Amino acid sequence: MVGQSTGSTLGRVTVYGLLILLSIIFVMPLYWLVTNSLQLVGSSSSFLPGGLHFENYYYAATLIDYWSYTKSSIILTSISVVIPTLTSALVGFGFARLRGPGKGFLFMMMLSTMMLPGIVTQIPTYVIFFKLGFLNTYWPWLFWALGGSAFSIFLYRQFFSSFPKDLEEAARIDGCSTFRIFWNIFMPISFPVIATVSILSFNGSWGGDYLTPFMFLQDDKYPLATALFSVGYAFPGDQRIEMTQVLNAGLVMFVLPIIVVFFIGQRYLVEGVVSSAVKG
Amino acid sequence: MSQAKSTGAIITEQTARMRPASKRRSIKAALEFYLFISPWFIVFVLLGLIPLFYGLYLSFTNYAGFNMDRLKFVGFDNYIKVFTDNDAMYSLGRTMLITCINVPASMAIGLLLAILLNQNVRNIGLYRTLFFIPSIIPIVAVGTMWRSLFTKEGVINQYLVQAGLEPVDWLGYDYAMLPLFIMLMWGVGGGILIYLAGLKAVSKELYEAAAIDGATTAQRFSRITLPLITPVLFFQFIMNIIGSLQIFVQPVLLAANSNSLLSTPIRPNYVYSVHAFQQIFAFNRFGYGLALLWVLFLMILLFTIVIFTTSKLWVFYEVEQEGK
């Protein structure tokens with residue numbers, strides 16, 4: 001975009017200089033994380049790796065029950081990605097293409113839930129689920145998933161609203177049911193928004209859902225996001241010694257799926273977020 | 001009663017005039033609408049509204065996790081305690097201070113980054129990705145990573161030592177807020193997509209016209225860019241304030257011997273949400289903790305309403321809203 005093109009050579013040098021400097025600042029801590037994860041356990045950290053101690057990754061996976069936490073992460077993330085991606089689409093379609101009394105009010109209500117601090121409802125939910133015996137099970141995640149997520153519903157609604165009315169009218173004349181219109185006409189052309197919602201839900205669950213498992217599950221059912229922080233890697237001989245290098249290795253393995261998913265889907269993510277932000 | 005009757009009468013009158021087929025169709029359409037939004041609505045009522053008001057109710061009781069069968073109604077006691085509890089007021093002050101620094105700083109940096117990314121340079125997509133990456137890294141990993149960089153033996157102190165300087169106790173009392181802000185600013189890239197969208201929406205002709213009239217870069221920014229992106233700034237302002245007032249996990253992750261979500265951050269980073277969380281999970285003071293959270297919720301609501309009502313004064317909409 002020419003918008004504010006920088007004319008002078010000096011201007012261009014400044015822009016490139018800043019871009020490169022900032023890129024270094026943003027990537028450096030991640031570089032440190034990876035370098036540190038390859039250092040000899042107990043050694044001090046340094047800029048260049050003092051060796052390639054891949055055994056740290058082995059320790060990270062075996063000193064704590066890494067696989068069991070990963071399994072829990074996979075279960076929680078699958079529930080929180082697959083189901084809300086579908087139910088949010090259904091609700092978003094309703095808000096975008098269907099009509100009923102109170103629609104505007106309900107939509108505002110849905111949006112305002114985004115402002116509510118989650119913990120205000122989670123603590124009483126914890127009390128209720130305790131009474132119903134749902135603590136230390138994955139049921140709560142299934143219930144939350146069924147309702148979709150406000151932000152995903154909003155993204156779908158923005159996307160579905162952008163199509164002309166003719167899209168469904170012809171199908172309606174042919175006697176197509178509303179659900180078939182949604183499923184066979186709208187969903188197949190909505191890949192960008194489905195991808196955006198899936199990626200955001202994946203990040204929110206795999207990496208962002210650490211507090212609810214802490215409240216609703218026992219430590220043996222913790223997902224990685226909760227476990228890596230609260231279980232910790234102590235030296236087998238002496239519990240007081242923290243093995244930072246091994247913890248870093250554990251973190252690298254934990255972060256990797258997020259980076260992979262981001263690079264696969266980044267094109268859609270940028271499009272999806274930007275288009276809804278501009279329209280919204 | 002009489003009102004209900006009269007609305008009923010109006011509806012019957014209207015429907016009588018409608019053709020039965022179209023009436024049936026609109027009822028069917030409404031039913032379909034409700035059917036489609038029902039997943040959200042049912043869960044919203046059962047796991048949103050009910051817990052919300054149940055929590056409000058509990059905040060007026062002495063509930064402490066075990067005394068459900070002999071719950072006592074204590075009126076506004078828990079709420080009075082919020083405002084007389086020194087720790088609560090101290091932590092509220094810290095939260096306000098952090099919000100007052102974090103919101104303008106992250107907005108200014110976010111906007112600056114977006115302006116940089118809006119320049120006409122090669123490989124801009126690569127820079128955008130690099131700026132964005134920190135914000136997708138899970139906060140638990142980010143916090144642990146920064147903490148290990150800032151410890152006494154961490155990388156940052158080693159650089160200082162190599163440069164012949166004294167190592168600094170970054171996570172200690174005197175400096176603890178600095179790592180917190182560095183960590184917050186590092187993750188600021190999440191907002192740049194939104195700023196960038198706002199910048200891209202400003203039409204090029206405006207800049208061209210201004211350039212012909214001899215406007216300087218600074219003038220073009222303050223007279224064209226800034227007013228035209230106020231809707232985006234407004235959105236970010238609200239979201240940032242809501243987020244900052246609820247700040248919780250970053251201070252906990254930076255606590256000196258942080259090894260659980262119940263770790264207590266060092267005093268300068270002892271924020272309000274941490275205090276509430278401690279009351280509930282460390283001391284089982286559910287009633288009091290919920291009162292603390294409701295005060296926070298009402299504060300957020302109040303801030304949001306104030307910002308919304310004053311937004312007319314400074315938010316500029318290119319297309320005047322119809323009917324207003």
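Predicted model only: the values in this text are computed from it and were never measured. Below, read A as the first sequence line, B as the second, and so on, with proteins coming before strands; counting in each chain starts at 1.
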For this session: Name the member of L113(B), L117(B), L58(B), V142(B) that forms the most heavy-atom pairs with chain A at distances under 4.5 Å.
Result: L113(B)

For this session: Determine, using ring centers only, whether F154(A) and F95(A) are less than 6.0 Å apart.
Result: no

For this session: List for me each residue that meets side chain to side chain donor-acceptor pair (under 3.5 Å) alongside S59(B), sequence neighbours excluded, and say none if there are none.
Result: Y79(B)

Seminar exercise, completed: Whatever's closer than 4.5 Å to a heavy atom in chain B on W144(A) counts as both

For this session: Against chain B, label F182(A) side chain, backbone, both or neither, depending on which of its atoms sit under 4.5 Å from a heavy atom there.
Result: side chain

Exercise. Measuring heavy-atom distances to chain A, does L290(B) have an atom under 4.5 Å in its side chain, in its backbone, in both, or in neither?
Worked result: side chain

Exercise. Of the backbone (N, CA, C, O) and the side chain (C-beta and beyond), which part of L52(B) lies under 4.5 Å from a heavy atom of chain A, both, or neither?
Worked result: both

Seminar exercise, completed: Assert top hit (heavy-atom pairs under 4.5 Å, partner chain B, pool M115(A), Q122(A), M109(A)) equals M115(A)

Exercise. Which residue out of G243(B), G48(B), A30(B) racks up the most heavy-atom pairs below 4.5 Å with chain A?
Worked result: A30(B)

Exercise. Given that the side chain runs from C-beta out, which part of L46(B) has a heavy atom under 4.5 Å from chain A: side chain, backbone, both or neither?
Worked result: neither

Problem set entry | Check: Y63(B) ring centre within less than 6.0 Å of F286(B) ring centre | yes

Exercise. Does any heavy atom of chain B fall under 4.5 Å from the side chain of M114(A), the backbone, both, or neither of them?
Worked result: neither

Problem set entry | Contact origin within F131(B) toward chain A - heavy atom pairs under 4.5 Å | both

For this session: Tell me, for L228(A) versus chain B, whether the close heavy atoms (under 4.5 Å) come from the side chain, the backbone, both or neither.
Result: neither

For this session: Could you look at K131(A) and say if it's the side chain, the backbone, both or neither that has a heavy atom under 4.5 Å from chain B?
Result: side chain

For this session: Check each atom of T244(A) against the heavy atoms of chain B and say whether the ones under 4.5 Å are side chain, backbone, both or neither.
Result: side chain

For this session: Report yes if the distance between the aromatic ring centroids of F134(A) and F143(A) is under 6.0 Å, otherwise no.
Result: yes

Exercise. After noting the C-alpha distance and the side-chain angles of F248(B) and Y272(B), does the key distance pass the ring pair (Phe, Tyr, Trp, His ring centres under 6.0 Å) rule?
Worked result: CA-CA 8 Å; F248(B) 165 73; Y272(B) 189 84; over 10 Å; no

For this session: Please confirm whether the backbone N or O of A64(B) pairs with a side-chain atom of N67(B), one donor and one acceptor, at under 3.5 Å?
Result: yes

Seminar exercise, completed: For W141(A), the side chain to side chain donor-acceptor pair (under 3.5 Å) test, sequence neighbours excluded, returns D209(A)

For this session: Below 4.5 Å from any heavy atom of chain A, which atoms of Y57(B) appear? Answer side chain, backbone, both or neither.
Result: neither

For this session: Using non-hydrogen atoms and a 4.5 Å limit, figure out which bit of T113(A) sits close to chain B: side chain, backbone, both or neither.
Result: side chain

Exercise. Between Q266(A) and T129(B), is any side-chain donor less than 3.5 angstrom from a side-chain acceptor?
Worked result: yes

Problem set entry | Residue F277(B) versus chain A: region with a heavy atom under 4.5 Å | side chain

Exercise. Highest number of heavy-atom pairs under 4.5 Å with chain B: which of G94(A), S23(A), G207(A), P117(A)?
Worked result: P117(A)

For this session: Write down the atom of V246(A), the atom of Y233(A), and the distance for their closest heavy-atom approach.
Result: CG1-CD2, 3.6 Å

Problem set entry | Pick from L296(B), I137(B), L56(B) with the largest number of heavy-atom pairs that fall under 4.5 Å of chain A | I137(B)

Exercise. If you take all heavy atoms of Y156(A) and G92(A), which pair is closest and at what distance?
Worked result: CB-CA, 4.1 Å

Seminar exercise, completed: Nearest heavy-atom approach of I133(B) to F262(A) is CG1-CE2, 3.9 Å

Seminar exercise, completed: Scored by heavy-atom pairs under 4.5 Å with chain B, the best of I259(A), I119(A), N203(A) is I119(A)

Problem set entry | Contact origin within Q246(B) toward chain A - heavy atom pairs under 4.5 Å | side chain

Exercise. Any luck finding a side-chain donor-acceptor pair between K152(B) and N157(B) under 3.5 Å?
Worked result: no

Exercise. For I199(A), is it the side chain, the backbone, both, or neither that has a heavy atom closer than 4.5 Å to a heavy atom of chain B?
Worked result: neither

Problem set entry | Part of I136(B) lying under 4.5 Å from any heavy atom of chain A | both

Exercise. Is there a donor-acceptor contact under 3.5 Å linking the side chains of T178(A) and R97(A)?
Worked result: no

For this session: Under 4.5 Å heavy-atom distance to chain B, tell me which part of I153(A) shows up: side chain, backbone, both or neither.
Result: side chain

Exercise. Which region of M68(B), side chain (C-beta onward) or backbone (N, CA, C, O), has a non-hydrogen atom less than 4.5 Å from a non-hydrogen atom of chain A, or is it both or neither?
Worked result: side chain

Problem set entry | Heavy-atom proximity to chain B below 4.5 Å, by part of Y210(A) | both

Problem set entry | Expected output: side-chain S88(A) to main-chain T85(A) donor-acceptor under 3.5 Å | no

Problem set entry | Ring centre gap for F186(A) and F160(A) strictly below 6.0 Å | yes

For this session: Against chain A, label F41(B) side chain, backbone, both or neither, depending on which of its atoms sit under 4.5 Å from a heavy atom there.
Result: side chain

Exercise. Looking at L116(A), L224(A), V252(A), which has the largest count of heavy-atom pairs under 4.5 Å with chain B?
Worked result: L116(A)

For this session: State plainly whether the residues K28(B) and E32(B) are in salt-bridge range, i.e. N to O under 4.0 Å.
Result: yes

